[in-house]
Amino acid sequence: MADARGRGAERARVQDGWLAAAAGAVAAVLGAGLGELSAALIAPASSPFAAIGGALIDVAPSWAKDTAIAWFGTADKAALLTGIALVLLAVAAVAGLLERRRPPIGLAIAVALGVVGAAVALTRADAGALSWLPSSIAGATMAVSLRMLLRLLPATAERSDDAPPTTPDRPSEIDRRRFLVWTGGAAAVGLVMVLGATLVSGGSRAVAAIRAALRLPDPAVAAPPVPAGAELNISGLADVITPNDSFYRIDTALVVPQIDPADWSLRIHGMVENEVVLTWDELVALPLEEGYATMSCVSNEVGGTLIGNARWLGYPIRELLARARPMADADMVLSRSIDGFTASTPLEALTDPDRWSILAVGMNGEPLPLEHGFPVRMVVPGLYGYVSATKWVVDLEVTRFDRATAYWTDRGWSERGPVKLQSRIDVPRPGQGLSAGDTVIAGVAWQPHVGISRVEVQVDDGPWEDATLATAISDDTWVQWSLPWRATAGRHVLRCRATNALGETQTSEVVGVIPDGATGWHEFPVDVF
Ligand SMILES: Nc1nc2c(c(=O)[nH]1)N[C@H]1C(S)=C(S)[C@@H](COP(=O)(O)O)O[C@H]1N2
Ligand SMILES: [Mo]
């Protein structure tokens, strides 16, 4: 009898622990909900999730970021937010349990979460005066709701053990039901608030609407039309012009910066004789030029898709630097995004009359999409994005490589980032099954600012065969290529290599993306039936 009662009490205690943990998790959902909602109304970038996620991105070791990009690609941010939410729920569940068994440890954890969130939000580059508020609201809400929910939890078997033996040691059913109703209700309210917050801020209606209504001026120098013969129209082959909505996106911005062009200005300063400030109206009043350039990410693996080609509209940075008059011993321009990201670009790449380095405002006939840098970004043909393509750019500091470093160079990536000669097979796909007979092998090859003169394809150990190059748009863009192939049954390995306009052929040496871009030939097997 005593034994059975002991077991019953133990079961009640375990169940009580689970309920307390659930109360902790629900309190966190409520706190997160109110925190996110207040952030959406006060300052989107200071949302507790955005601040902590952003800080994690910045402090994460490079290998973690590279793994995230390799595993999740452009879904890396969704994966990060999911991870943060899961960790938060786990910590909150422990806080609930501890608050039940060892008060006020759970409350202390809730308060600490709020304080950490607030402190992190304040350290962010885009922190405003009220950045600390949403996380503080979240922490306080979590603490208060945890206390209230736990008070609804019926007394434990353990406690009733101290009571006279006539007291039933089973928690009251009615109390338990009341607890579940309140906890469930609180969870629902919290989730609705999180959803509401995403609706309010996620749409970022204001700037998106401004962008939608914006009309860019016609270029003073229009791009020539894409030459006939630049697009081979082979199904599965990357379009020669990448549509904006499928252009790869890589950045450290968890919340896309929201800049009203009316508030935008660019300051050019540092080692210059004449500081320059340029407003949006002044920029778009300049004779804008249109042209094509291929942009790629240093994290693009051999065969990878972190590359795209667009028609950009912008103004040459060399003209603006000429106004600022850099000092003779300057050799670098540190560009800065409104969210604190920086890139270090060789000054000569920006002043070179033969390189079309621009402040871009348009992409494929539209204002820049918000996630591609609206309203203004840099584009420098021939340099990887991390050393040149600053989005949401607001500041250019003329300086020296031995005086300043940038976001990725601080994290072990190379100071210089010229794009390496590369080629990729798009058709057929790796692992794709093919029927024997006449088919085609096709892909793209690039070394922006240098140009491509030749692409060769090898099947198994056969001879290298010259692919037919499509018409290049320019030396700043990638070029499509294709080669007819009579496929015979069996497994075949396909590989390709490009030669640039200088006559250099792509090295077969396999090098990973760190610290300055991958090399090696794209090769993979296909099965022919
Ligand atoms: N503000 C800002 N600009 C940025 C980055 C960033 O993280 N923040 N990433 C750079 C990198 S690494 C690349 S490859 C390109 C990608 O530009 P896209 O997202 O428009 O393709 O943007 C560059 N500009
Ligand atoms: Mo990149």
Side-chain angles (χ1 to χ4, degrees), residues 45 53-58 60 62 65-66 68-70 73-77 80 124-126 238 241-259 264 266 293-301 304-312 314 333-345 357-364 366-396 406-414 416-420 422 446 448 478 513-518:
L56 283 178
I57 292 174
D58 288 352
S62 299
K65 278 187 261 224
D66 305 336
I69 291 176
T74 48
D76 55 346
K77 291 177 189 73
L80 175 69
R124 306 296 301 152
D126 40 7
I241 301 288
T242 313
N244 288 355
D245 56 9
S246 48
F247 207 96
Y248 81 98
R249 174 189 169 197
I250 290 290
D251 57 58
T252 60
L254 207 48
V255 175
V256 174
Q258 307 291 315
I259 307 178
W264 179 89
L266 176 80
T294 293
M295 187 160 65
S296 64
C297 182
V298 68
S299 295
N300 197 32
E301 313 268 357
T305 54
L306 300 180
I307 176 165
N309 183 45
R311 175 164 53 91
W312 307 96
V333 173
L334 190 69
S335 53
R336 182 179 297 274
S337 155
I338 195 157
D339 69 353
F341 172 90
T342 51
S344 52
T345 311
S357 304
I358 55 161
L359 276 186
V361 296
M363 183 175 184
N364 291 328
E366 297 173 15
L368 294 175
L370 298 191
E371 59 279 14
H372 292 291
F374 183 80
V376 184
R377 74 172 307 166
M378 287 171 54
V379 174
V380 179
L383 300 186
Y384 287 123
Y386 82 105
V387 289
S388 69
T390 302
K391 305 191 269 191
W392 315 289
V393 65
V394 292
D395 189 286
L396 300 182
Y407 189 92
W408 286 110
T409 54
D410 282 339
R411 290 163 173 78
W413 294 79
S414 172
R416 310 279 167 150
V419 177
K420 294 182 179 174
Q422 263 301 343
W446 63 91
W478 64 9
V513 296
I514 300 171
D516 63 356

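One is the number of the first residue; the rest follow in order along the sequence. Counting starts at 1 for both ligands and their atoms, in listed order.
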Query - Quiz item: cation-pi between Arg249 and Phe247, 6.0 Å / 45° - result: no
Query raised in the report: Which heavy atom of Trp413 sits nearest a heavy atom of Ser299, and at what distance?
Result: CH2-OG, 4.0 Å
Query raised in the report: Is any side-chain heavy atom of Trp478 closer than 4.5 Å to a side-chain heavy atom of Gln422?
Result: no
**Report entry** Atoms of ligand 1 close to Ser337 [distance to a heavy atom under 4.0 angstrom, numbered from 1]
**Finding:** 1 (N)
Query raised in the report: Tell me, which protein residue and heavy-atom name are nearest atom 3 (N) of ligand 1, and how many Å apart are they?
Result: Lys391 N, 3.0 Å
Query raised in the report: With atoms numbered from 1 as shown, which atoms in ligand 1 lie under 4.0 angstrom from a non-hydrogen atom of Cys297?
Result: 14 (S)
Query raised in the report: Are Lys391 and Asp339 close enough for a salt bridge, meaning some N to O gap below 4.0 Å?
Result: no
Query raised in the report: Can you tell me which residue and heavy atom of the protein come closest to atom 13 (C) of ligand 1, and the distance to 0.1 Å?
Result: Gly385 CA, 3.7 Å
Report summary line: Restricting to heavy atoms, the pick from His372, Arg249, Arg336, Arg377 nearest atom 17 (O) of ligand 1 would be Arg377
Query raised in the report: Mind checking whether Tyr248 has an N or O less than 3.5 Å away from an N or O of ligand 1?
Result: yes
Query raised in the report: Does the pair Trp408 and Val387 meet the rule for a side-chain contact (heavy atoms from CB on, under 4.5 Å), with working shown?
Result: CA-CA 8 Å; Trp408 286 110; Val387 289; over 6 Å; no
Query raised in the report: Just by modelled atom types, is the Ala310 backbone N or O under 3.5 Å from a matching donor or acceptor in the Asn364 side chain?
Result: no
**Report entry** Per-atom contacts of ligand 1 with Tyr386, taking only distances under 4.0 Å to non-hydrogen atoms
**Finding:** 11 (C), 12 (S)
Query - By side-chain contact (heavy atoms from CB on, under 4.5 Å) - contacts of Ala518 (at least two apart) - result: Val302, Val513
Report task. Number the atoms of ligand 1 from 1 as they appear, then name those within less than 4.0 Å of a heavy atom of Trp392, with their elements. Result -> 1 (N), 2 (C)
Query - Under 3.5 Å: N/O of Trp408 near N/O of ligand 1 - result: no
Report task. Would you check if Arg336 and Val393 make a side-chain contact, meaning some heavy-atom pair closer than 4.5 Å? Result -> no
Requested in this report: May I ask you to identify, for Phe341, whether its side chain, its backbone, both or neither come under 4.0 Å of ligand 1 on a heavy-atom basis?
Outcome: side chain
Report task. Check each heavy atom of Tyr407 against ligand 1 and say whether those closer than 4.0 Å belong to the side chain, the backbone, both or neither. Result -> neither
Report summary line: atom 9 (N) of ligand 1 sits nearest the protein heavy atom Ile250 O, 3.3 Å
Query raised in the report: Which atoms of ligand 1 are found less than 4.0 Å from any heavy atom of Phe247?
Result: 21 (O)
**Report entry** Under 4.0 Å to a heavy atom of Thr390 - the qualifying atoms of ligand 1, by number
**Finding:** 3 (N), 24 (N)
Query raised in the report: Are any non-hydrogen side-chain atoms of Trp264 and Val394 less than 4.5 angstrom apart?
Result: yes
Query - Min side-chain heavy-atom separation Asp251-Phe341 under 4.5 Å - result: no
Query raised in the report: Do any nitrogen or oxygen atoms of Ala389 lie less than 3.5 angstrom from nitrogen or oxygen atoms of ligand 1?
Result: yes
